[in-house]
Structures are given as structure tokens and as C-alpha cells.
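Okay, structure first, notes after.
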Amino acid sequence: MPRGNRPLDRKSGKPKPPRKRLSIYCEGRVTEKIYFCGLRSTLRAANVDVRVVPTKGNSHSIVRYAINDTGLARRSDIDFQRGDQVWCVFDVEAPQCHPGIEEAEKLASKYGIKLAVSNPCFELWLLLHFQEQRAYLTTANACTKLAVHLPDYNKRISFDAFAELYSGGRSRAVDLGAKFGEAANLVERNPWSSVWVLVDHIKSFSNE
């Protein structure tokens with residue numbers, strides 16, 4: 001067969017555009033990191049990046065770190081038009097809330113960063129996988145209640161313990177959101193967690 005008449009084995013056309021990506025910045029060096037890395041691994045979501053903020057700080061410093069690390073305040077390879085997302089995960093804490101919550105919200109909004117917040121703490125989100133929780137909680141109470149379901153809990157968790165329980169946890173978290181609505185500020189929403197919104201986005205990214 002003449003060379004010019006041979007079928008082409010290689011696809012022609014424009015190079016495939018880069019995949020959109022989702023970057024997560026969390027303060028928790030253990031629990032949150034294990035949870036999100038476990039979720040990413042289970043979903044095989046290679047375009048999801050989990051980063052732990054290296055210094056202990058408040059919500060405002062977490063958002064500021066994300067801005068600096070991604071370069072959002074200057075030239076950045078983050079492309080919101082493409083569908084990239086940047087998330088910050090932090091706790092409100094109770095009874096003494098973290099300072100700078102309102103400032104963190106404003107700063108995140110300015111730079112297009114999304115927030116996954118738990119009040120009082122990330123352990124509430126984990127607890128909702130197992131049970132309803134509608135009464136006010138302190139951070140210590142949330143950890144104690146979680147330990148009822150996870151007797152060996154000491155910040156370290158196995159994502160496998162939550163993987164099959166997500167639907168119930170999500171439903172309970174959504175119900176808490178409806179309880180408070182948009183009128184209450186983050187400090188007033190206790191108990192409350194928006195981590196389910198981030199998880200839903202991670203799931204959608206894994207399908208692309």
C-alpha cells in the first residue's frame with residue numbers, strides 16, 4: 001500500500017487541555033489529612049491535591065497561606081475559568097472560637113477560595129457519619145462522642161471506617177445547614193459542617 005494511503009495509527013489534532021484540579025489546604029496534620037488523602041485514593045482522583053498548612057495558626061492564616069502557596073495574589077497557574085478550585089478547611093472551635101473567622105471569610109471571597117468549615121471541629125463531621133447531633137457541642141465533647149464509635153480514636157483514623165457511611169453523614173450535615181440557614185454566621189452555627197460540599201466536589205472531579 002502506498003505510504004499516502006495508509007491509515008493513520010496516531011490521533012491528530014490539538015493537544016488535550018490540562019485537567020482542572022482541586023487544591024485543599026487544611027490545618028489538621030493528622031485527622032483531616034488522613035480523611036482527604038483516603039478519599040482521594042479511594043476515588044483515584046489524581047487531580048486532587050491535599051496540602052497541610054505547616055504552621056499552627058488561625059483560619060485567617062490558613063487562607064493567607066493558601067493564597068501565597070498557589071500564587072493567587074500574583075501570576076498563578078490556578079485557572080478558575082478552567083474549573084480549578086482552591087479550598088481551605090478549618091474549625092471554628094468551641095467554647096472559645098478561633099480569632100479571625102470573619103476576616104478569613106472576606107479574604108477567601110476576595111481571591112475565589114472556597115471554605116469547608118466545621119463548628120466546633122472536624123470531629124463533628126466524622127461524628128455525623130454515625131449519628132445525629134443537633135445540640136450544641138464543644139470541641140472536647142465532639143471528640144468524646146466520636147470516641148464512642150471509634151474506641152481507639154486519638155486523632156488517627158482509617159478512612160475505611162467512613163467510606164460506606166458518607167451518605168448518612170452528608171444527609172445529617174445538610175439537615176444541620178437547613179436548621180441554621182444563611183442568616184447565622186459561622187460562629188453561631190453550632191453544630192454545623194460544610195465539609196460535605198467539598199467531598200461532593202472531590203467526587204465530581206474524580207469523574208472527569
Side-chain angles (χ1 to χ4, degrees), residues 22 24-39 50-53 56-63 65-66 85-105 107-109 113-150 153-157 159 161-163 165-182 184-203:
L22 187 152
I24 302 169
Y25 290 85
C26 54
E27 181 183 21
R29 297 171 181 272
V30 182
T31 311
E32 290 92 326
K33 181 180 179 181
I34 292 173
Y35 184 90
F36 289 117
C37 286
L39 177 62
V50 181
R51 300 197 177 192
V52 177
V53 177
K56 189 77 173 175
N58 57 35
S59 53
H60 185 270
S61 65
I62 295 170
V63 174
Y65 181 88
Q85 295 182 15
V86 178
W87 286 78
C88 287
V89 181
F90 59 80
D91 300 336
V92 173
E93 302 292 356
Q96 185 66 44
C97 71
H98 267 321
I101 299 287
E102 185 176 348
E103 291 82 357
E105 288 186 275
L107 189 61
S109 177
I113 294 174
K114 301 178 184 296
L115 302 178
V117 183
S118 297
N119 188 354
C121 55
F122 192 78
E123 282 78 5
L124 167 68
W125 164 243
L126 300 181
L127 179 65
L128 292 174
H129 287 67
F130 299 100
Q131 66 169 69
E132 293 278 359
Q133 178 61 47
R134 302 186 69 82
Y136 174 89
L137 271 181
T138 66
T139 300
N141 290 155
C143 294
T144 299
K145 283 178 173 284
L146 180 61
V148 172
H149 302 280
L150 302 174
Y153 175 71
N154 186 22
K155 290 297 180 181
R156 293 194 173 277
I157 59 172
F159 178 75
F162 305 95
L165 301 175
Y166 172 69
S167 178
R170 181 187 188 280
S171 177
R172 295 177 190 115
V174 170
D175 287 345
L176 288 178
K179 172 185 175 182
F180 290 103
E182 294 298 322
N185 62 43
L186 292 180
V187 175
E188 294 171 338
R189 300 178 199 177
N190 181 320
W192 181 85
S193 178
S194 62
V195 173
W196 67 271
V197 182
L198 169 54
V199 175
D200 277 5
H201 279 278
I202 294 173
K203 286 175 173 284

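Here the structure is a predicted model, which means the values were calculated and not measured.
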Distance (rounded to the nearest 0.5 Å) between [X] [atom1] and [Y] [atom2]:
X      : Y      : atom1 : atom2 : value
Thr31  : Lys155 : OG1   : NZ    : 5.0 Å
His98  : Ser61  : NE2   : OG    : 8.5 Å
Cys143 : Leu150 : SG    : CG    : 11.0 Å
Phe180 : Arg189 : CZ    : CZ    : 9.0 Å
His129 : Ser167 : NE2   : OG    : 10.0 Å
Trp87  : His201 : CH2   : NE2   : 4.5 Å

For the residue pair Val117 and Ile101, establish whether any side-chain heavy-atom pair is separated by less than 4.5 Å. no
Is any side-chain heavy atom of Lys114 closer than 4.5 Å to one of Leu198? no
Smallest separation among heavy atoms of [X] and [Y], with atom names:
X      : Y      : answer
Tyr136 : Pro95  : OH-CA, 3.6 Å
Trp192 : Gly177 : NE1-CA, 3.6 Å
Leu128 : Arg172 : O-NH1, 2.6 Å
Ile62  : Glu27  : CD1-CB, 3.5 Å
Val199 : Leu39  : CG1-CD2, 3.8 Å
Ala116 : Val195 : CB-CA, 4.1 Å

Ring centre gap for Phe36 and Phe159 strictly below 6.0 Å: no
Tell me if the aromatic rings of Phe90 and Phe122 count as close, with their centers under 6.0 Å from one another. no
Evaluate the side chain to side chain contact (heavy atoms under 4.5 Å, CB included) criterion for residues Phe130 and Leu146: first the C-alpha distance (whole Å), next the side-chain angles of each, then the deciding distance (0.1 Å), finally the verdict. CA-CA 8 Å; Phe130 299 100; Leu146 180 61; 4.1 Å; yes
Can you tell me if Gln131 has over 12 outside heavy atoms packed within less than 6.0 Å of its CD? yes
According to side chain to side chain contact (heavy atoms under 4.5 Å, CB included), who are the partners of Ala142, at least two apart in sequence or on a separate chain? Pro120, Cys121, Glu123, Leu137
Mutual orientation of the aromatic rings belonging to Phe162 and Tyr35 [parallel < 30°, tilted 30-60°, perpendicular > 60°]: perpendicular
Taking the six-membered ring of Tyr166 (Phe, Tyr or Trp), confirm whether the NZ or CZ of Lys203 is under 6.0 Å from its centre and within 45° of its axis. yes
Would you mind telling me which of Asn185, Asp91, Asn190 makes a side chain to side chain donor-acceptor pair (under 3.5 Å) with Asn119? Asn190
Check whether Ser59 reaches the backbone of Gly100 with its side chain - one donor and one acceptor, N or O, closer than 3.5 Å. yes
I'd like to know if the side chain of Ser194 and the backbone of Val197 have a donor-acceptor N/O pair within less than 3.5 Å. no
Given the rule in the side chain to side chain contact (heavy atoms under 4.5 Å, CB included) test, do Val30 and Ile157 qualify, once you have shown the distances and angles that lead to the verdict? CA-CA 8 Å; Val30 182; Ile157 59 172; over 6 Å; no
Verdict with reasoning, Asn141 to Thr138, per side chain to side chain donor-acceptor pair (under 3.5 Å): CA-CA 5 Å; Asn141 290 155; Thr138 66; 3.0 Å; yes
So that I can tick it off, tell me whether Arg134 and Asp175 are bridged by a salt bridge, with the cut-off set at under 4.0 angstrom between side-chain N and carboxylate O. no
